[in-house]
Amino acid sequence: MDGAVPLLRVEGISKRYGGVRALEKADLSVSAGSIHAILGENGAGKSTLIKVMAGVVAPDEGRMMLDGREVTFASPGAANRAGIVCIFQELSLIPELSVADNIVISDPPKRFGMIDRKAQRRIAEDALARAGAADIHPLALVKDLPLSRRQMVEIAKALARKPRILILDEATSALTAADVSRIFEVLKRLRSEGLALLYISHRMNEIAELADQCTVFRNGRNVASYKAGSKSDNEVVELMIGREYSHIFPPKPAAVPATAAPRLEARKLSWADRLDNISLTVRAGEVVGLGGLDGQGQRELLLAFFGVLRGLSGQILIDGKPVAIASPSAARDDGIGMALIPEDRKTEGLMLPMTVRENLSFAALDRLSRGGIIDRTAEQRLIDDMVGLLAIKTAGLDIPVGALSGGNQQKVVIAKWLMRQPRIILLNDPTRGIDVGTKQELYQLMRKLADSGAAILFYSTDYDELIGCCDRVLVLYDGAVKRELVGAEITERALISSALNIDGKESPVGLGASA
Amino acid sequence: MKDWRYWLAEQRGTLLALGIFIVMFAIYSANHPAGFSANVVQTAANKGVLLAFVAMAQTLVVITAGIDLSVGMIFLLTNCLASWLVVGTPMQTAVGVVAVLVVGLLCGAINGAIVIYGRLQPIVATIATGAVYYGIGLLLRPFPGGSVNEDLADALTGRVFGVVPASLVVLLAVVLVVWVPFSRSVLGRAAYAAGSSETAAYMSGVPIRRGKFAAYALAGLLAAIGGLFLTFFTYTGEAAYASGNAYTLFSIAAVVLGGVSLFGGKGSAIGAIFGALAFRTIGDLLFVFDFDPLWQPLFQGVILLVAVSLGAFALFRVRNRLEWFL
Amino acid sequence: AGPEVVKGPAAEPDCFAPWAADTQFFKFPKKDGPYRIALANGYIANTWRIQMVQTAKAYAAQADVAKKLKEFKVVSTGEDVPAQISAINNFIDSGFDAIVVNAQNPTAFGPVIKRAKEAGVVLVAFDNILDTKDAINVNVDQKGLGALWGKWLVSHVPNGGKVLEVRGVAGTSVDTDRHAGIHEVLDGSGKKWAVTEVVGKWDDGVAQKATADAIATNGPFDGITGQGGDTGIVQAMMDAKHPFVPFGGETENGFRKFCSAHAADGLKCSSAGTGPAQVAVAIKTAIAALEGNVVPQSVKLPLAIVEDPNFKAGQDFFPDQSDNFFVGNSFPTCGINFTAQEIMGQTKENK
Amino acid sequence: MSETTLGGIAGRMPKFIRRADPAVLTAFACIVMLLLLGSLYSRSFLSPEYLLQQLKVASFLGVIATGMMLVVLLGQIDLSVPWSVAAGAMMACAAAAYGPVGVALAIPFGILCGVLIGVVNGIGVAYLRIPSMIITLATNAVAQGLMVVYTGGFSPQDSATGAMRYLATGFAIPAVPNAVIIWALIGAAMVFVLTRTAFGRTVYGIGNRERAAYLSGIDTRRVVMIAFAVSGGLSAFGGVLLAGYASKAAQSMGDAYLLPSIAAVVLGGTSILGGRGSYLGTVAGVILITLLQSILSVMQMPEAGRQIIYGVVIVAMLLLYGRAPASR
Ligand SMILES: Nc1ncnc2c1ncn2[C@@H]1O[C@H](COP(=O)(O)OP(=O)(O)OP(=O)(O)O)[C@@H](O)[C@H]1O
Ligand SMILES: Nc1ncnc2c1ncn2[C@@H]1O[C@H](COP(=O)(O)OP(=O)(O)OP(=O)(O)O)[C@@H](O)[C@H]1O
Ligand SMILES: [Mg+2]
Ligand SMILES: [Mg+2]
């Protein structure tokens with residue numbers, strides 16, 4: 001900070017949820033014309049802090065100063081009016097409303113007391129253009145957009161509010177490299193226009209590129225503040241997790257011989273206009289990655305294997321035998337033994353209000369029960385094993401799983417499938433929004449599972465992960481396998497260029513919106 | 001996509017309801033001994049408009065992802081009240097009308113307050129308030145009776161220029177004066193937003209409480225307009241429990257037929273109006289087909305079952321099974 | 001084209017008895033048959049109404065009636081008054097000659113009555129009649145019925161005492177009238193009565209529960225009167241081992257079965273009412289009016305009364321028929337007399 | 001909306017109380033309060049006969065509400081209760097007309113008819129994905145239509161069989177009406193199913209998030225279907241008991257059970273959105289509703305006042321313990 005008066009300053013903020021201390025006398029200053037990054041592992045209190053700043057959560061103690069004057073916000077609306085605009089980690093878009101409705105939601109333009117739809121549309125188009133997302137139609141319903149587009153709408157919505165302080169809480173977690181770079185341009189421009197930006201992300205490279213100033217949170221406190229670039233990645237991670245840290249990715253074993261029989265195979269799989277003649281094989285012991293821009297059919301491919309899609313053409317073979325999988329329940333059956341770690345753990349992986357125990361045993365109930373009655377001893381035994389194996393941190397097995405931190409929730413999702421000892425594991429971007437420490441554990445677990453004989457198909461939006469974890473990577477483009485990268489071919493350059501189809505004829509711009 | 005396609009997608013439920021209604025009414029009037037005459041239309045309109053008002057009321061609440069099981073009882077209560085108040089000189093009548101509407105608004109507001117500020121689940125909260133409103137209605141009219149300004153009643157249930165049913169004109173006026181401004185106001189949008197995703201709406205700084213409250217209160221008002229109309233149509237007030245319940249349940253059916261999602265956030269009162277008219281035409285079909293009287297209830301039930309299953313056909317086009325779960 | 005108001009007596013004075021001394025008589029312009037007659041029923045889903053509709057069809061199918069009818073159409077519109085009003089409007093617009101109605105609400109039909117009159121359509125109401133002097137009402141003396149039950153208690157409970165009154169559906173004129181009749185007589189008897197009122201909604205289940213509660217908390221009683229659901233009331237007495245006491249009640253078959261079986265133990269009954277067959281009287285009246293005969297504006301239906309010790313199996317009640325079956329289906333003065341089999345077997349033969 | 005777990009005070013209570021839902025405890029407290037208030041009016045409200053009588057009457061609602069609860073736990077609702085009850089009662093009695101075999105099969109046949117209605121509901125909700133509120137309304141209308149046709153058509157038999165009368169009003173154990181025993185058995189079975197079986201877990205899972213349950217490899221549609229079938233069957237069984245109690249079946253038997261069964265389930269702390277609730281709560285809700293109705297009836301409150309008090313008391317109780325957690 002160059003000695004300027006901070007635009008916003010919070011001091012001694014504390015917030016408790018029941019027995020949990022989310023924030024403990026946290027301080028933070030943000031100045032105009034700079035990007036301030038906040039780092040910290042899952043549950044460190046980052047989101048809670050910005051929720052306090054945005055008027056969503058009332059702090060138990062502490063004060064907030066805007067332009068040197070003390071302020072309190074009774075509602076998110078009040079914070080908005082003071083110029084503090086926040087893009088929350090859980091997106092705050094209204095699914096049934098249109099993009100334009102959403103962009104102006106907090107303060108729509110009015111004529112004769114009614115909402116002026118023409119003006120609203122102008123504002124929306126303008127904001128979308130500024131966010132670099134002019135390809136999104138303002139009349140489209142948000143629920144019809146893929147996650148990555150929604151995040152762009154969220155950013156446009158924030159820009160339309162003409163913020164003085166813009167807060168982004170993991171706003172890029174669902175975006176792919178192309179979108180991220182467009183967003184970064186926007187953010188840098190905003191910085192040059194004199195805005196104060198607060199940026200939360202678990203992606204170190206993003207922070208390195210963007211931030212001027214960094215603050216690390218741990219256990220609800222700010223433990224260090226430093227100028228961006230003045231510390232090495234390792235130092236930062238150690239600050240975050242409070243212990244030493246090395247080797248993100250486990251070493252890869254020797255490649256599974258190409259002659260080995262495939263465990264999972266697809267032949268000419270096509271579905272609607274989203275999957276186009278996909279053929280692939282995954283062998284036992286292999287981790288096969290799916291790459292490419294977001295929305296190129298990777299999710300659909302996983303769902304197709306898992307029996308969710310109807311009207312599939314082509315063939316799926318398990319252990320060389322063609323199978324027809326008509327539902328997830330067929331997919332998880334003993335003969336097939338498939339598991340899917342879904343995209344959104346909150347709506348697809350977990351029942352948040354139910355207990356950790358109930359969630360863990362949910363997918364294996366048929367195995368844990370005899371005559372429909374649950375064998376509680378067997379259940380307990382298996383759960384203990386899993387909690388140990390994955391080092392799930394929880395205050396108990398009988399608390400709601402929603403009370404766990406994001407990373408631990410994700411572990412529960414994985415553990416619930418491991419309880420069935422699946423032979424084929426499909427992972428749909430499992431590390432989204434998870435801190436580095438937990439990510440590392442997941443990578444190791446993945447390799448361990450492969451080593452013990454599982455076939456793993458792994459989709460990730462993070463290229464580093466694909467490079468670090470996979471034996472092979474299939475890059476998808478517009479529903480087709482664009483390229484297969486094996487072993488040392490898997491480099492960032494190769495991933496990006498094939499993802500963008502650079503050697504092809506089409507331009508990649510706006511492809512993410514093809515939903 | 002072109003703009004009009006988005007518009008079409010948004011109005012699909014409403015258009016489907018319109019389509020169902022037109023087909024049914026065409027069958028009805030084609031087979032009616034009196035044909036598509038002004039009298040037949042007027043009769044159908046007067047009956048249909050009553051349910052249309054109650055269905056509009058239900059729509060407002062359903063949009064917020066709530067449900068109002070007391071609309072039928074507010075409808076009855078205001079009917080009983082109107083049979084006392086809407087009489088006499090034009091001035092007295094006008095005051096009476098206003099009083100009845102205010103009472104309806106008040107009932108709606110009480111529902112809203114209990115659901116929003118009391119944080120109760122709308123289903124039970126409105127079952128309970130419905131009992132209270134019915135009780136008050138019964139106090140007002142222990143047995144059927146009362147009267148209404150018959151000139152006004154005849155004018156509003158008669159025909160304009162000898163052709164257009166006046167009740168349809170009133171319905172249109174209510175749509176223009178209540179529904180259109182509401183749906184385009186900030187509060188209306190807040191109601192939609194709250195129904196679609198309450199958390200997201202709250203985080204976006206939308207005035208959800210005020211929006212929902214307005215929806216409940218206006219629902220009371222619309223039910224009261226329905227109650228007034230019932231009085232105009234019958235010249236009396238009556239606290240008939242079964243009839244109040246029937247209107248509540250019919251209003252839900254009408255709302256669904258009208259393409260309003262019971263999960264909130266989606267649909268319009270216009271759709272619900274056509275849903276109500278279509279629902280009412282199911283009953284009318286009994287006239288034009290010669291059914292054994294004891295088979296009539298079954299016939300109506302089956303038609304209703306078929307009508308509500310129509311929407312399920314879209315299901316067979318779903319290619320991603322996850323779409324089953326919203 | 002309304003009717004002419006004329007002097008009595010009516011065409012069949014024994015059947016078309018005027019309600020009161022000052023009842024007007026109508027003479028409609030004579031129309032040539034055969035006629036189109038409609039029955040606009042409201043609620044349908046209970047035995048009384050189903051039996052009523054069956055009776056109407058049976059009556060319309062009787063040879064001498066059938067030859068006068070070109071069309072007989074029945075529509076049931078449910079509990080909703082406006083739907084019934086619309087039904088009548090539709091019948092008028094479709095050119096029916098007469099419309100018979102069991103009105104969901106006596107006061108709500110003003111506008112339709114006006115229209116019927118203008119169109120020259122004969123409107124006959126029965127059971128739940130219309131509050132008007134412009135349509136023909138086939139009337140049951142509800143208050144008189146209440147009074148009858150009241151008198152029964154007064155004469156069978158010599159010293160006054162505790163009475164349980166099980167009422168009908170609140171808010172209906174039938175309930176209010178019967179209640180008023182009972183109390184007028186009790187109050188006028190000069191004896192001391194403590195009446196416990198509960199609501200039975202003319203429904204056996206509801207009445208049974210209400211009676212059971214009343215017996216447990218306020219019992220025992222010296223006399224009982226019930227407007228309907230009487231089988232349930234007796235059932236509750238038996239379940240609670242309440243001693244049998246004099247009872248003034250309706251005409252359900254089940255109730256009369258009990259009355260006959262337990263009369264010796266003290267269940268002295270007066271069972272009175274008007275069965276669903278009154279619809280036949282209403283149709284008969286409509287035809288008479290269309291034929292240009294003089295009919296009273298308000299027809300007084302005789303009550304079908306059976307009192308202890310006169311319960312005869314096979315005539316006043318039917319041991320092998322449903323409990324829910326309403327007895328009292330004969331109006332001898334009108335030449336109308338249906339057997340149980342005739343009513344309940346109607347549809348089966350038609351198939 | 002997120003939920004807050006009960007920390008603090010609850011942590012220091014004995015285990016069985018800590019595990020009980022505060023809503024359930026409050027509901028039972030309300031029952032006691034109602035009885036005490038009633039006893040101010042008449043001592044007999046505390047008499048064992050009256051209490052047993054109430055329990056007996058409550059057991060009909062209890063059986064019906066059990067099915068309703070199962071459906072509500074899924075986040076659905078069953079509006080076909082009135083005519084499922086009536087159909088169960090009427091069909092059981094109808095079967096009795098067919099000789100000794102008919103008499104023997106009367107009860108299962110009645111229940112089967114309810115199950116069939118439930119299956120149609122289940123197909124509509126689970127496979128056609130029609131909102132339950134509307135499909136059950138439609139099947140209710142169809143069931144009504146069928147019963148009207150039946151009553152008019154085949155000189156119906158509607159007297160309850162001896163077995164039905166015995167189940168509803170007999171005494172297998174002295175002083176405890178059979179109806180109460182039956183309710184207790186059904187309740188115990190329900191508790192067992194909900195807490196100990198895979199089916200029960202799945203019901204809660206679907207109620208919380210059907211999508212996640214489906215992706216966990218559960219055949220959610222089958223579970224939903226079974227739940228509706230069970231609900232229909234229990235409604236019909238309630239009808240059978242009612243027919244036994246009244247010793248006959250009648251069309252309107254079920255009308256008085258729809259709203260009370262919903263109210264009882266919700267008063268017992270089950271979330272109408274599904275996924276949360278305990279059977280003990282439903283028991284409390286059923287008793288509450290039955291007592292309230294009975295006390296108002298016996299106090300000879302006119303119908304109008306009765307409705308008003310009934311509504312006000314329900315709102316008051318819910319405000320006392322049935323509120324959703326505050327959001328901020
Ligand atoms: N609504 C809530 N109810 C209860 N506890 C909460 C709630 N919100 C947050 N917490 C607690 O506060 C702590 C801090 O949460 P917060 O969301 O601020 O973490 P975070 O740093 O944003 O984590 P992440 O990196 O996963 O987003 C969590 O460990 C959690 O236990
Ligand atoms: N009902 C609750 N009780 C206790 N803690 C909760 C509750 N709801 C949320 N939390 C805590 O709030 C924190 C923030 O929740 P949030 O939904 O942001 O999850 P998250 O960890 O950030 O996951 P993700 O990054 O994938 O969104 C979580 O870490 C969780 O521990
Ligand atoms: Mg966070
Ligand atoms: Mg997170």
Side-chain angles (χ1 to χ4, degrees), chain B residues 32-35 37 39-40 42-51 80 83 134 137-138 141-148 150 153-154 157-158 229-247 250 280 283-284 286-288 290-297 300, chain C residues 36 38-39 41-45 49-50 52-54 56-57 71-96 103-115 128 131 169-177 201 346-347 350-351:
Chain B
H32 198 290
S37 68
N39 267 344
V40 171
Q42 182 192 352
T43 301
N46 280 345
K47 182 169 78 160
V49 159
L50 284 172
L51 183 60
C80 294
S83 69
Y134 171 70
L138 197 55
R141 283 273 164 238
F143 34 88
S147 56
V148 70
E150 297 194 6
D154 290 348
T157 55
F229 232 86
L230 177 62
T231 326
F232 294 146
F233 197 39
T234 61
Y235 286 11
T236 49
E238 184 194 13
Y241 186 80
S243 153
N245 261 342
Y247 270 91
F250 292 172
R280 271 314 169 82
D284 285 339
L286 294 180
F287 285 98
V288 297
D290 222 2
F291 281 108
D292 183 297
L294 293 182
W295 287 77
Q296 288 172 3
Q300 279 181 296
Chain C
R36 298 172 67 205
L39 168 58
N41 177 43
Y43 186 62
I44 176 76
R49 294 294 178 113
I50 292 172
M52 184 272 284
V53 169
Q54 297 285 67
K57 279 170 59 199
E71 183 180 359
F72 180 68
K73 194 172 178 92
V74 185
V75 165
S76 301
T77 47
E79 277 131 347
D80 182 21
V81 181
Q84 198 178 23
I85 295 176
S86 299
I88 298 174
N89 273 325
N90 268 320
F91 283 131
I92 296 174
D93 290 335
S94 310
F96 277 80
Q104 282 299 121
N105 169 340
T107 57
F109 288 73
V112 205
I113 295 168
K114 250 193 262 177
R115 279 196 67 189
N128 293 293
D131 229 4
V169 173
T172 59
S173 47
V174 174
D175 173 64
T176 335
D177 289 349
K201 300 193 174 166
Q346 165 70 19
T347 318
N350 271 11
K351 289 275 152 49

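Just the heavy atoms: all of them, side chains too, but no hydrogens, waters or symmetry mates, feed the values below. Computed from a prediction, not measured in an experiment: that's the story for all the values here.
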Could you tell me if the side chain of [Y] sits less than 4.5 Å from the side chain of [X], heavy atoms only?
{"X": "C:Val74", "Y": "B:Leu294", "value": "no"}
{"X": "B:Tyr247", "Y": "C:Pro82", "value": "yes"}
{"X": "B:Phe287", "Y": "C:Ser86", "value": "no"}
{"X": "B:Lys47", "Y": "C:Asn90", "value": "no"}

Which portion of [X] sits near chain C, non-hydrogen atoms under 4.5 angstrom:
{"X": "B:Leu50", "answer": "side chain"}
{"X": "B:Pro144", "answer": "both"}
{"X": "B:Tyr241", "answer": "neither"}
{"X": "B:Asn39", "answer": "both"}
{"X": "B:Leu51", "answer": "neither"}
{"X": "B:Ala240", "answer": "neither"}

Of all of B:Gly145, B:Ala239, B:Gly283, which one pairs up most often with chain C through heavy atoms under 4.5 Å apart?
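If we count pairs closer than 4.5 Å to chain C, B:Gly145 comes out on top.
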
Passes side chain to side chain contact (heavy atoms under 4.5 Å, CB included), B:Tyr235 versus C:Thr107? Steps please.
CA-CA 7 Å; B:Tyr235 286 11; C:Thr107 57; over 6 Å; no

Please test B:Gln42 against C:Asn89 for side chain to side chain contact (heavy atoms under 4.5 Å, CB included), starting from the C-alpha separation and ending with a verdict.
CA-CA 10 Å; B:Gln42 182 192 352; C:Asn89 273 325; over 6 Å; no

Engaged part of [X] at the chain B interface, taking heavy atoms whose separation is under 4.5 Å:
{"X": "C:Lys114", "result": "side chain"}
{"X": "C:Val75", "result": "both"}
{"X": "C:Ser76", "result": "both"}

Between B:Asp292 and C:Lys57, does any side-chain N to carboxylate O distance fall below 4.0 Å?
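Salt bridge: yes.
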
For each of C:Pro106, C:Ala38, C:Ala108, C:Ala56, tally heavy-atom pairs with chain B at distances under 4.5 Å, and name the one with the top tally.
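Most heavy-atom pairs under 4.5 Å with chain B: C:Ala108.
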
Leading residue by heavy atom contact count with chain B [cutoff under 4.5 Å; candidates C:Val112, C:Ile85, C:Asn105]:
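Most pairs with chain B among the choices: C:Asn105.
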
Going through the checks in order, is the side chain to side chain contact (heavy atoms under 4.5 Å, CB included) test met by C:Glu79 and B:Asn245?
CA-CA 10 Å; C:Glu79 277 131 347; B:Asn245 261 342; over 6 Å; no

Find the distance between CG (B:Asp290) and CD (C:Glu71) and round it off to the nearest 0.5 Å.
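The CG atom of B:Asp290 sits 6.5 Å away from the CD atom of C:Glu71.
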
Taking atom OG1 of B:Thr43 and atom CD1 of C:Ile88, what is their separation to the nearest 0.5 Å?
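Between B:Thr43 OG1 and C:Ile88 CD1, I get 11.0 Å after rounding to 0.5 Å.
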
Just do the side chain to side chain contact (heavy atoms under 4.5 Å, CB included) check on B:Glu238 and C:Val81 with the steps written out, would you?
CA-CA 10 Å; B:Glu238 184 194 13; C:Val81 181; 3.7 Å; yes

Give a yes or no on this: more than 12 heavy atoms of other residues, nucleotides or ligands lie within 6.0 Å of atom OH of C:Tyr43.
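Result for OH/C:Tyr43: enclosed.
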
